[in-house]
K.L.:
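Have a look at this one.
In this text the structure is predicted, and so the values were computed from the model without any measurement. Remember, it's 1-based here, ligands and their atoms both numbered in the order they're listed.
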Amino acid sequence: MDRIVVKGGGPLAGRIEISGAKNACLALMPATLLSEEPLTLTNAPRLSDIRTMSVLLESLGAEISTMQDGKVLAMSSHAADNHVADYDIVRKMRASNLVLGPLLARHGHAVVSLPGGCAIGARPMDLHISALEAMGAQIDLRDGYLHAEAKGGLKGADITLRFASVGATENTVMAATLAKGTTILRNAAREPEIVDLVECLRKMGAQIEGEGTATITIEGVDRLHGATHPVVADRIETGTYMLAPAIAGGEVELVGGRMDLLGAFCEKLDACGIELSETGTGLIAKRRNGRVDAVNVVTEVFPGFPTDLQAQMMAVMCTANGVSVLEERIFENRFMHAPELIRMGAHIDVQGGIATVTGVEKLRGAPVMATDLRASVSLILAALAAEGETVVNRVYHLDRGYERVEEKLGAVGARIERVSE
Ligand code: EPU
């Protein structure tokens, strides 16, 4: 298994190109199942999670070819007739559950393995299930699989989500595009990935209004057609690299990065001493003074501070001036990076969903490992400014969501390399 070795160093300078968003692409790909005509995605990120979704869709009968070194995904589901999403694929990646809505809408039935828990929390699917049931589906759990059936097809419904779940919103919106009648989804997630999905579905002929607000209205149509759609920029990758100069100093230009996708995150960066400016093609993040100032963070649904940037922000707070309090409200177990950061000399006290970080002047390099994607990259950020060498193990987590991290950070002066075993 590969490892990433980082030697802490001086300030960063240069440009990083931002890739298409993993989480947008993972929702856009299953949309191919909704139509017999081809769906082509451009600006797709080259990540192992995207390959896992391709394997899943191919197992369902979709044909997928890649072009431009993987940046273009040409998908066709004209012959897709399998409706069983197998445990062996689903267990690798929770986003596999996003085939449930499209399969049910297209075939009237679907058998999808329940993903199971993951390192950051239990992550049940009750919201997806109750929304689809409200649209007339019958869903039973047997042998670890959700068996879903909509005799006579799905019907539009007035649905209120108990929590604004990203995945439940995506599954429900996709299912509703082909349902009979109107679906009103209330307390819908407002994340930019939802907006991107709806823009693509609209190009495919879907009738949808209200994306980016808490109420999405979908008028079912008989069929969807083909389309070509560019995947939106990855806001989490952007935010991660905005935090690199925050901890290591210097300034980086993020080509393709969009501040408007980052909500409250940009305000927090400004408050802790990071200067942000928009360029015609992206943005520049620059550390104003020496160490950043401590700020408090509460993770929330969009446009609040994203949970997917909490680990990276904690790494930055480890060397901030003062004490910061980070509260994780989206996932119940998303502080697995804290014990690893403590091994690097950080002062962190975790009590339930609240972490109190007392900034220290310097972190020290150490061998570390992480149990999830964002935790792994937080350790790389910490390593950029640590004294000595840090070895980040279990790099496969990183490869799920960060495209060529060592090349991108290397290009702005970080001393980082991948070591294959
Ligand atoms: N939840 C339920 N029941 C449900 C669905 C969700 O209780 O039926 C709970 C979850 O357990 C969690 C909370 O609601 O505590 C939020 O879950 P949500 O459904 O919004 O998240 P998701 O769709 O499973 C996506 C991203 C995550 C990101 C979250 C929150 C994808 C593929 N994944 O997950 O990304 O953290 O939204 O923004 O879009 C990552 O990229 O590292 C990552 C974990």
Side-chain angles (χ1 to χ4, degrees), residues 19-30 45 47-50 52-53 56 90 92-101 112 114-134 139 141 146 159-174 185 187-197 214 231-232 234-240 261-265 299-312 328-334 336-337 353 370-378 396-403:
S19 300
K22 167 182 82 87
N23 288 346
C25 198
L26 287 174
L28 288 162
M29 291 173 75
L47 300 168
S48 63
D49 269 9
I50 301 302
T52 304
M53 183 57 89
L56 174 62
V90 176
K92 290 189 187 141
M93 187 183 67
R94 193 186 154 78
S96 304
N97 64 15
L98 295 175
V99 300
L100 177 61
V112 177
L114 201 58
C118 80
I120 59 176
R123 305 180 79 180
M125 277 192 68
D126 54 319
L127 298 168
H128 304 236
I129 294 168
S130 55
L132 294 169
E133 282 177 342
I139 305 183
L141 178 65
L146 294 172
I159 301 163
T160 302
L161 293 178
R162 168 175 56 75
F163 173 82
S165 152
V166 173
T169 299
E170 292 165 342
N171 247 330
T172 309
V173 168
M174 284 193 277
L185 184 62
N187 197 27
R190 291 178 287 161
E191 271 67 4
E193 292 75 24
I194 308 282
V195 174
D196 201 37
L197 174 65
V231 179
V232 68
D234 195 317
R235 66 193 168 102
I236 305 301
E237 189 194 33
T238 306
T240 301
L261 303 180
L262 277 159
F265 176 76
T299 63
E300 279 163 321
V301 295
F302 190 82
F305 192 100
T307 173
D308 290 345
L309 285 167
Q310 175 262 111
Q312 302 89 313
E328 174 56 55
R329 288 206 187 150
I330 305 296
F331 292 107
E332 64 272 25
N333 190 28
R334 211 174 195 184
M336 298 299 279
H337 39 284
T371 43
D372 81 271
L373 164 62
R374 310 301 173 187
S376 304
V377 86
S378 78
Y396 64 87
H397 287 299
L398 267 176
D399 293 336
R400 293 185 58 178
Y402 287 90
E403 192 178 299

K.L.:
Kindly determine whether Lys22 and Glu403 satisfy salt bridge (charged side-chain N to carboxylate O under 4.0 Å, His left out), including the steps that lead there.
P.N.:
CA-CA 10 Å; Lys22 167 182 82 87; Glu403 192 178 299; over 6 Å; no

K.L.:
Closer than 4.0 Å to some heavy atom of Asn23 - which atoms of ligand 1 meet that?
P.N.:
26 (C), 27 (C), 31 (C), 32 (C), 33 (N), 35 (O), 39 (O), 40 (C), 41 (O)

K.L.:
At what distance is the nearest protein heavy atom to atom 43 (C) of ligand 1, and which residue and atom is it?
P.N.:
Asp308 OD1, 3.4 Å

K.L.:
Tell me the contacting part of Arg123 for ligand 1: side chain, backbone, both, or neither, using a 4.0 Å heavy-atom threshold, strictly below.
P.N.:
both

K.L.:
Check ligand 1 against Gly167 and write out every atom of the ligand that is under 4.0 Å from a heavy-atom position of the residue.
P.N.:
19 (O), 23 (O)

K.L.:
For atom 42 (O) of ligand 1, grab the closest protein heavy atom and report residue, atom and distance to one decimal in Å.
P.N.:
Arg374 NE, 2.9 Å

K.L.:
Check Val166 against ligand 1 and report side chain, backbone, both or neither, counting heavy atoms closer than 4.0 Å.
P.N.:
both

K.L.:
Nearest protein heavy-atom contact for atom 3 (N) of ligand 1: which residue, which atom, what distance?
P.N.:
Asp126 OD1, 2.7 Å

K.L.:
Testing the basics here: between Phe163 and Ile330, what is the closest heavy-atom pair and its distance to 0.1 Å?
P.N.:
CZ-CD1, 4.1 Å

K.L.:
Tell me, do Thr169 and Glu191 make a side-chain contact under 4.5 Å, heavy atoms counted?
P.N.:
no

K.L.:
Using a strict 4.0 Å cut-off to heavy atoms of Ala95, name the atoms of ligand 1 that fall inside it.
P.N.:
32 (C)

K.L.:
Just let me know how Ile330 lines up against ligand 1, side chain, backbone, both or neither, with a heavy-atom cut-off below 4.0 Å.
P.N.:
both

K.L.:
Just heavy atoms, cut-off under 4.0 Å: does Phe302 contact ligand 1 by side chain, backbone, both, or neither?
P.N.:
neither

K.L.:
Charged N to carboxylate O under 4.0 angstrom, Asp308 versus Arg334?
P.N.:
yes

K.L.:
Is it the case that the side chain of Asn171 and the backbone of Gly101 share a donor-acceptor pair, with hydrogens and angles ignored and the cut-off at 3.5 Å?
P.N.:
yes

K.L.:
Keeping the roles fixed (side chain from Asp49, backbone from Gly401), state whether a donor-acceptor pair exists under 3.5 Å.
P.N.:
no

K.L.:
Would a 4.0 Å cut-off, counted as strictly less than, catch a protein heavy atom around atom 13 (C) of ligand 1?
P.N.:
yes

K.L.:
Where the side chain of Gln310 meets the backbone of Glu328, is there a donor-acceptor pair that is under 3.5 Å apart?
P.N.:
no

K.L.:
Applying a 4.0 Å heavy-atom criterion (strictly less than), which segment of Glu300 is in contact with ligand 1: side chain, backbone, both, or neither?
P.N.:
neither

K.L.:
Side-chain contact, heavy-atom cut-off 4.5 Å: Leu146 with Leu100?
P.N.:
yes

K.L.:
Within a strict 4.5 Å, meaning less than it, do heavy atoms of the Tyr402 and Leu373 side chains meet?
P.N.:
yes

K.L.:
Between Glu193 and ligand 1, find which residue part has any heavy-atom pair under 4.0 Å and reply side chain, backbone, both or neither.
P.N.:
neither

K.L.:
Using atom types as modelled and distance alone, determine if a side-chain donor or acceptor of Arg94 lies under 3.5 Å from a backbone N or O of Arg123.
P.N.:
yes

K.L.:
Can you tell me which portion of Arg94 lies within the under-4.0 Å heavy-atom range of ligand 1? Options are side chain, backbone, both, or neither.
P.N.:
side chain

K.L.:
Looking at side-chain heavy atoms only, is the closest gap between Leu26 and Glu193 below 4.5 Å?
P.N.:
no

K.L.:
How close does the nearest protein non-hydrogen atom get to atom 30 (C) of ligand 1, and which residue and atom is it?
P.N.:
Thr307 CG2, 3.9 Å

K.L.:
So, do Ile120 and Asn333 sit near enough that their side-chain heavy atoms are less than 4.5 Å apart?
P.N.:
no

K.L.:
Please write down residue, atom name and distance for the protein heavy atom closest to atom 44 (C) of ligand 1.
P.N.:
Arg334 NH2, 3.5 Å

K.L.:
Quick one: does any side-chain atom of Ser48 pair with a main-chain N or O of Asp399 as donor and acceptor, under 3.5 Å?
P.N.:
yes

K.L.:
What are the atoms of ligand 1, with element, lying closer than 4.0 Å to any heavy atom of Lys22?
P.N.:
40 (C), 41 (O)

K.L.:
Who's closest to atom 6 (C) of ligand 1 heavy-atom-wise, of Ser96, Pro124, Ala168?
P.N.:
Pro124

K.L.:
Among all protein heavy atoms in this structure, tell me which lies nearest to atom 19 (O) of ligand 1, with the distance rounded to 0.1 Å.
P.N.:
Ser165 OG, 2.6 Å

K.L.:
Pull out every atom of ligand 1 sitting under 4.0 Å from any heavy atom of Leu127, numbered as shown with elements.
P.N.:
2 (C), 3 (N), 4 (C), 5 (C), 8 (O)

K.L.:
May I ask you to list the atoms of ligand 1 that are less than 4.0 angstrom from any heavy atom of Phe163?
P.N.:
13 (C), 14 (O), 16 (C)

